[in-house]
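Before any comments, here is the structure.
Labels below follow one simple rule: chain letters A, B, ... track the order of the sequence lines, proteins then strands, and each chain is numbered from 1.
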There are 2 protein chains.
Amino acid sequence: MNVTGHTRRPASIRDVATAAGVSYQTVSRVINGHPSVRPSTRERVLAAIEELGFRRNATALALASGRSRAVTVLTANTTHYGYASILQGIEEAARAASYAVGIGVLESAEDAAVAAEVQRAADAGGGIVVIAYDPAGVRALAAVPAGLPVVGVVETPATPPGGDRPWVWADDREAAYQATRHLLSLGHETVHYVAIPSSTRRTSARTGGWRQALKEAGAPEPRPVQSSWGPAGGHAAGLKLARDPSVTAILCGNDDLALGVLRALHETGRPVPGEVSVAGFDDAPHSAFLTPSLTTVRLDFTGLGRSAFALLHGVLEESAPVAPHPVSVPELVVRESSGPPPAGT
Amino acid sequence: MNVTGHTRRPASIRDVATAAGVSYQTVSRVINGHPSVRPSTRERVLAAIEELGFRRNATALALASGRSRAVTVLTANTTHYGYASILQGIEEAARAASYAVGIGVLESAEDAAVAAEVQRAADAGGGIVVIAYDPAGVRALAAVPAGLPVVGVVETPATPPGGDRPWVWADDREAAYQATRHLLSLGHETVHYVAIPSSTRRTSARTGGWRQALKEAGAPEPRPVQSSWGPAGGHAAGLKLARDPSVTAILCGNDDLALGVLRALHETGRPVPGEVSVAGFDDAPHSAFLTPSLTTVRLDFTGLGRSAFALLHGVLEESAPVAPHPVSVPELVVRESSGPPPAGT
DNA sequence: GCGCCTTGTGTGACCGGTCACATTCATGCG
DNA sequence: CGCATGAATGTGACCGGTCACACAAGGCGC
């Protein structure tokens with residue numbers, strides 16, 4: 001309406017109050033839907049709000065009420081598929097609940113750096129979601145001071161990370177178990193494992209599922225190959241494994257690693273799936289379009305993010321029902337990269 | 001120090017003041033580094049701060065001072081490589097300047113939805129960075145009310161999107177130009193183009209660079225194939241192009257599209273680069289590990305994000321020097337997917 | 001000795017909301 | 001008819017900082 005060239009200070013509830021001829025408290029009642037406001041009064045206030053383009057100041061609201069309707073997501077990474085999808089799920093749910101979403105990247109797993117980042121997140125005032133799939137995340141989750149509303153997105157339900165704090169998970173253990181069984185069922189003697197960083201600890205869910213499947217089948221358990229997150233790490237691991245002719249099946253900690261492994265096998269002249277079968281983890285969007293397309297396990301990261309937010313939302317507002325630990329069931333997706341072992345073996 | 005079971009209200013400057021035996025204003029001076037505070041006093045205050053574990057309340061600071069040391073990033077997507085990398089760059093720079101980073105996803109390009117999201121970003125109080133690579137982003141940038149500190153990350157410097165507002169860009173036009181010239185220089189008669197959503201408009205930078213290279217070489221200009229962002233879109237486009245035997249070179253709007261195109265060519269039995277050459281855009285981490293590895297143009301998205309923040313930072317605090325429009329130079333990366341056209345042509 | 005400027009410190013108001021309580025007026029009920 | 005009750009509204013303090021200004025003490029010039 002009012003088009004002066006200058007940027008004017010936005011209208012406050014007191015401005016609205018004078019415009020409507022009521023007290024600021026009445027305005028507050030109207031915007032909060034308090035019942036005992038005479039309809040005619042409400043009408044007038046709403047008109048004034050409309051006319052002045054009033055919007056409730058989020059900062060003042062947070063300061064006065066203590067609640068800030070905000071979530072900060074702490075994560076070691078924003079670009080990898082799994083992380084980015086979880087973040088997206090959180091944002092989606094947060095937006096629906098009109099919460100603001102902040103992010104903090106844990107660039108280093110060093111304690112001081114992690115603590116600093118946790119502090120920053122705590123300063124933001126709202127709730128915190130920590131993606132604790134890796135060392136930095138796990139430490140961050142542990143470093144969140146007690147009493148702060150926090151939810152962890154973790155690898156496995158078997159090891160409660162922060163003791164009493166709520167968490168959500170996709171069942172990586174089950175997923176790794178399924179993928180490994182799939183490969184074994186094709187006739188492979190055993191399955192080698194290329195691990196993402198956190199998954200080397202004995203307690204890791206992905207490693208655990210793989211190990212369990214091997215044990216149940218009475219298959220020998222090769223040493224997992226420690227790797228990084230990206231295709232470069234997978235490539236290096238793949239070159240190593242390719243040298244060993246007994247290797248006929250490889251499970252990778254994520255699809256990016258699998259991509260690197262595929263490339264390494266290609267470079268060393270070992271056809272997939274003719275000689276070696278490869279399975280990934282996560283079902284990233286590109287996996288279906290690789291050549292050969294990648295057998296993998298699909299995890300619902302977006303849903304995981306939504307659940308994390310729902311849980312946090314429940315903690316922040318007692319009114320909101322706390323979701324019962326929602327575990328999304330992983331789904332094996334069989335594609336071209338897995339098949340029976342070569343006949344000669 | 002003080003370990004009571006209950007979560008106590010954090011210390012305020014007044015708590016510190018009484019503990020140090022000074023007024024709250026003196027505490028404020030100390031935490032702001034004001035010069036005229038007697039060293040001995042400063043000492044006492046710092047000791048009290050330390051002892052009470054005082055941290056300045058960000059919300060109160062924002063309310064009182066007006067500045068909120070926060071950036072909100074508006075983007076249509078958080079999972080695609082380019083977007084995620086820009087976000088990461090922004091976060092990195094923001095963290096270094098101890099700014100909080102918020103994100104808002106533009107789920108729909110519909111005007112009302114975009115406007116709502118812009119409002120939310122504005123409500124957050126700080127600066128705004130809009131990633132305007134696509135219709136939703138472009139609209140969001142246009143919808144930001146004048147007077148708000150905002151920086152756009154845009155496709156091309158040729159079309160100032162918001163008129164007077166600052167923006168940064170990676171030179172997509174130049175990148176597309178380089179990639180197209182590379183393919184032409186290999187001997188291809190022309191280069192087909194599979195476009196990402198925004199790039200179909202005539203003003204688009206990527207399309208423009210491609211077109212310019214064709215024109216300069218006197219090559220015929222085929223109709224660009226409109227596609228989506230992901231590999232599925234590239235796959236569909238690739239199937240279409242594969243039917244045309246005259247197609248020997250394809251430039252894709254991003255590496256994910258290229259991946260889909262590669263797959264489509266594989267499925268239709270057209271060897272790459274034997275019969276068809278393919279080039280991508282962005283140099284995503286996986287592109288080097290595809291089979292065939294992908295010729296592409298590398299863009300420094302992270303650097304772009306950092307620049308965007310630097311620019312915004314300059315706007316928010318006059319003290320900070322405003323970076324001169326920093327354009328990162330794209331770099332052509334030649335890999336296996338491009339080569340000379342088949343001899344018979 | 002006086003005025004004046006500078007240094008160090010304190011006081012009150014304010015940012016824009018919420019919250020606890022006070023006040024007014026119309027009802028219902030004994 | 002008097003009084004308790006509840007609806008409708010207003011007042012003052014408060015959240016935790018900042019800002020503008022006041023004020024005391026000390027040094028300097030004249």
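Between A:Tyr24 and A:Val37, the residue anchored closer to the 5' end of DNA chain D is A:Val37, taking for each the nucleotide with the nearest heavy atom.
The pair A:Arg139-A:Glu110 does not count as a salt bridge, with every side-chain nitrogen at least 4.0 angstrom from each carboxylate oxygen.
At a threshold of 4.5 Å between non-hydrogen side-chain atoms, the residues A:Leu87 and A:Ile103 count as touching.
Residue contacts shown for A:Arg42 are absent, as no nucleic acid heavy atom lies under 4.0 Å away. At a threshold of 4.0 angstrom between heavy atoms, the contacts of B:Leu61 are confined to the sugar-phosphate backbone, with no base atom among them. When heavy atoms are screened at a 4.0 angstrom cut-off, A:Arg56 is found touching the sugar-phosphate backbone but no base atom. Backbone-only contact: B:Thr41 has heavy atoms under 4.0 Å from sugar-phosphate atoms and none from a base. Within 4.0 Å (heavy atoms only), A:Leu63 reaches at least one base atom of the nucleic acid.
Considering only side-chain N and O atoms, A:Arg67 lies under 4.0 angstrom from the phosphate OP1 or OP2 of C:dC19. Of the side-chain N and O atoms in A:Arg14, none sit less than 4.0 angstrom from OP1 or OP2 of C:dC15. Contact annotation: B:Ser23 side-chain N/O to C:dG10 OP1/OP2 distance is under 4.0 Å. The phosphate of D:dT18 has OP1 or OP2 within less than 4.0 Å of a side-chain N or O from B:Asn32. OP1 or OP2 of C:dC15 has not a single side-chain nitrogen or oxygen of A:Ser12 nearer than 4.0 Å. Between B:Thr26 and C:dG10, a side-chain N or O to OP1/OP2 separation shorter than 4.0 Å is present. Residue B:Ser65 places no side-chain N or O under 4.0 Å from the OP1 or OP2 atom of D:dG17.
By the 30° and 60° cut-offs, the orientation of the rings of B:Phe309 relative to B:His313 is parallel.
When ring centroids are compared, B:Tyr83 and B:Phe301 stay outside the 6.0 Å threshold.
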